[in-house]
J.: 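One structure follows; several queries about it will come next.
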Amino acid sequence: MRARTSFRRNASIPLVALVALVACTHRPSVAAGMDRKALLLDPGNAEWRKPAPPVSHLRFETTKGVFVLELIRDWGPIGADRLYNLARLGYYDDTRFHRVNKNYIVQFGLHGDPAVNAAWKNRYLPDDPPRSDNKRGTFAFAMKGAANPNTRDTQIYINLADNTRSDAEPFTILGRVVDGMAVLDSLYSGYGERSGSGVRQGRQGPLETGGNAYMDREFPLLDRIRRVTVSTVGAPR
């Protein structure tokens with residue numbers, strides 16, 4: 001017999017709010033009987049191609065606190081589907097913010113397991129139409145630049161400032177931070193570009209092949225993503 005969980009509702013909290021709170025801590029399950037590690041090593045699996053809902057919230061638990069990204073599928077369906085599935089299937093769990101430039105950007109998306117990095121290497125997405133409006137709190141997939149189209153993979157950057165210098169490039173902004181911007185501002189930034197930098201600078205090889213063991217040894221102060229959970233919400237804020 002399956003045990004039932006019960007709780008006493010606080011009369012001051014509407015039932016709708018409680019339902020939303022529970023939803024925010026839920027991660028949609030993978031296909032029945034599927035091993036999560038095996039799934040991470042199989043980027044061709046159909047689980048990675050499920051369409052994102054029109055709007056979803058990605059809740060990141062980090063070593064500095066919680067922040068939430070609002071992902072809006074209409075802004076870039078190809079990228080939104082990739083990000084939604086990476087988040088819901090645990091790709092970003094126990095990973096590092098490998099690039100933090102204060103008053104510029106935060107970047108993450110290299111996995112902690114070198115085998116997973118190898119499986120996802122060059123698993124590029126076709127580009128969505130550009131939506132390059134890099135205001136503070138917006139986010140997008142990193143890519144190799146206008147001269148190298150269709151090079152988005154697993155790395156996301158979040159703008160810590162209004163980065164108009166990036167607007168000339170064909171980034172596709174996929175949403176915005178709706179909670180926890182102060183958490184992102186507080187991430188350790190002392191390594192700057194030395195801890196891997198971006199996808200264009202050619203310095204990420206040791207991070208890809210060494211994973212968390214390398215990053216924790218060489219850059220022990222990097223903040224971490226502990227866990228990501230996904231929820232579906234209504235219209236964008």
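Everything numeric here is computed off the predicted structure, so don't read it as measured data.
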J.: Between R73 and D81, is there a side-chain N and carboxylate O pair less than 4.0 Å apart?
T.: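 Yes, charged N to carboxylate O under 4.0 Å.
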
J.: Side chains of Y188 and K102: any donor to acceptor distance under 3.5 Å?
T.: no

J.: Where do M143 and G145 come nearest, in terms of heavy atoms and distance?
T.: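 Taking every non-hydrogen atom into account, SD-N, 3.0 Å.
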
J.: Any donor-acceptor pair under 3.5 Å linking the side chain of R152 with the backbone of P126?
T.: yes

J.: Hey, does the side chain of N45 reach the backbone of L39 with a donor-acceptor pair shorter than 3.5 angstrom?
T.: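 Side chain of N45 to backbone of L39: no pair is present.
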
J.: Report the relative orientation of the aromatic rings in F219 and Y214; use parallel for angles under 30°, tilted for 30 to 60°, perpendicular for over 60°.
T.: perpendicular

J.: Checking N103 side chain against L160 main chain: does a donor-acceptor pair fall under 3.5 Å?
T.: no

J.: Establish whether L86 and I173 are linked, either directly or via other cluster members, by ILVMFWY side-chain heavy-atom contacts under 4.5 Å.
T.: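 Different clusters: L86 never reaches I173 through Ile, Leu, Val, Met, Phe, Trp or Tyr contacts under 4.5 Å.
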
J.: I need the D94 CG to R226 CZ distance, nearest 0.5 Å.
T.: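 These two atoms lie 10.0 Å from each other.
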
J.: Is the side chain of T95 donor-acceptor paired with the backbone N or O of L110 at a distance under 3.5 Å, no angle test?
T.: no

J.: I'd like to check the side chain to side chain donor-acceptor pair (under 3.5 Å) partners of T154; sequence neighbours left out, ordered by chain and number.
T.: Y91

J.: About how many Å separate CH2 of W48 and OH of Y84, when rounded to the nearest 0.5 Å?
T.: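 If we round to the nearest 0.5 Å, Y84:OH and W48:CH2 are 12.5 Å apart.
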
J.: Any donor and acceptor pair, going by atom type alone, linking the side chain of N85 with main-chain N or O of K50 inside 3.5 Å?
T.: yes

J.: Around atom NZ of K144, are there more than 12 heavy atoms of other residues, nucleotides or ligands at under 6.0 Å?
T.: no

J.: Please assess R88 against E47 for the test salt bridge (charged side-chain N to carboxylate O under 4.0 Å, His left out), listing each intermediate value before the final yes or no.
T.: CA-CA 10 Å; R88 79 179 180 93; E47 277 290 308; 2.9 Å; yes

J.: Step by step, would you call E193 with R203 a side chain to side chain contact (heavy atoms under 4.5 Å, CB included)?
T.: CA-CA 9 Å; E193 296 293 323; R203 305 175 195 165; 3.7 Å; yes

J.: Which heavy atom of G192 sits nearest to which heavy atom of S195, and what is that distance?
T.: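 That would be O-OG, 3.7 Å.
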
J.: Hydrophobic clustering (ILVMFWY, side-chain heavy atoms < 4.5 Å, transitive) - are Y124 and I156 grouped together?
T.: no

J.: Would you kindly confirm whether L222 and F60 end up in one hydrophobic cluster when ILVMFWY residues are joined by side chain heavy atoms under 4.5 Å apart?
T.: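 No; F60 is not reachable from L222 via cluster members.
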
J.: Do the side-chain N and O atoms of S132 and N134 include a donor-acceptor pair separated by under 3.5 angstrom?
T.: yes

J.: Does this structure show an ion pair linking D113 with K37, if we count only N-O contacts that are shorter than 4.0 Å?
T.: yes

J.: Where is the tightest heavy-atom contact between D74 and P77, given as atom of each residue plus distance?
T.: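 Taking D74 first and P77 second, the nearest heavy atoms are O-CD, 4.2 Å.
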
J.: Taking K121 first and then D153, would you say they form a salt bridge - that is, a charged N and a carboxylate O separated by under 4.0 Å?
T.: no

J.: Can you name the closest pair of heavy atoms from A119 and L40 and give their distance?
T.: CB-O, 4.4 Å

J.: With a 4.0 Å cut-off on N to O distance, would you call E169 and R200 a salt bridge?
T.: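 Yes, this pair counts.
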
J.: Does D133 come within less than 4.0 Å of R131, counting only side-chain N to carboxylate O?
T.: no

J.: Considering non-hydrogen atoms only, spot the tightest contact between G109 and Y92 and give its length.
T.: CA-CE2, 3.7 Å

J.: CG/L187 to CD1/I225 distance, rounded to the nearest 0.5 angstrom?
T.: 9.0 Å

J.: Can R165 be said to sit on top of Y104's aromatic six-ring, NZ or CZ under 6.0 Å from centre and within 45° of the ring axis?
T.: yes

J.: Run the side chain to side chain donor-acceptor pair (under 3.5 Å) test against N148 and tell me which residues pass, sequence neighbours left out.
T.: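 If we apply the side chain to side chain donor-acceptor pair (under 3.5 Å) test to N148, skipping adjacent residues, there are no hits.
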
J.: For F171 and Y157, I'd like to know if the aromatic rings sit close, meaning centre-to-centre distance below 6.0 Å.
T.: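 Yes: the rings meet the under 6.0 Å criterion.
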
J.: Indicate whether the side chain of D216 and that of N212 have a donor and an acceptor atom separated by less than 3.5 Å.
T.: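 N212 and D216 do not have a side-chain donor-acceptor pair below 3.5 Å.
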
J.: Measure the CG-CG distance between D35 and D42 for me, rounded to the nearest 0.5 Å.
T.: 11.0 Å

J.: Classify the side-chain pair Q107/Q155 by whether it contains a donor and acceptor separated by less than 3.5 Å.
T.: yes

J.: Rounded at 0.5 Å granularity, tell me how far CG in L69 sits from CG in L83.
T.: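 The CG atom of L69 sits 7.0 Å away from the CG atom of L83.
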
J.: To the nearest 0.5 Å, what is the distance between CZ on F108 and NE2 on H98?
T.: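 Here the rounded value is 10.0 Å.
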
J.: Do D223 and T63 have side-chain atoms, one donor and one acceptor, less than 3.5 Å apart?
T.: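 Yes, side-chain donor-acceptor contact under 3.5 Å.
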
J.: Looking at P130 and T172, what are the two nearest heavy atoms and their distance?
T.: CA-OG1, 3.9 Å

J.: What donor-acceptor contacts under 3.5 angstrom involve side-chain atoms of residues 177-185, with partners at least two apart or in another chain?
T.:
from, atom 1, to, atom 2, distance (Å)
D185, OD1, R136, NH1, 3.1
D185, OD2, R136, NH2, 2.7

J.: Do the charged groups of E70 and R176 touch, with an N to O distance under 4.0 Å?
T.: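 Yes.
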
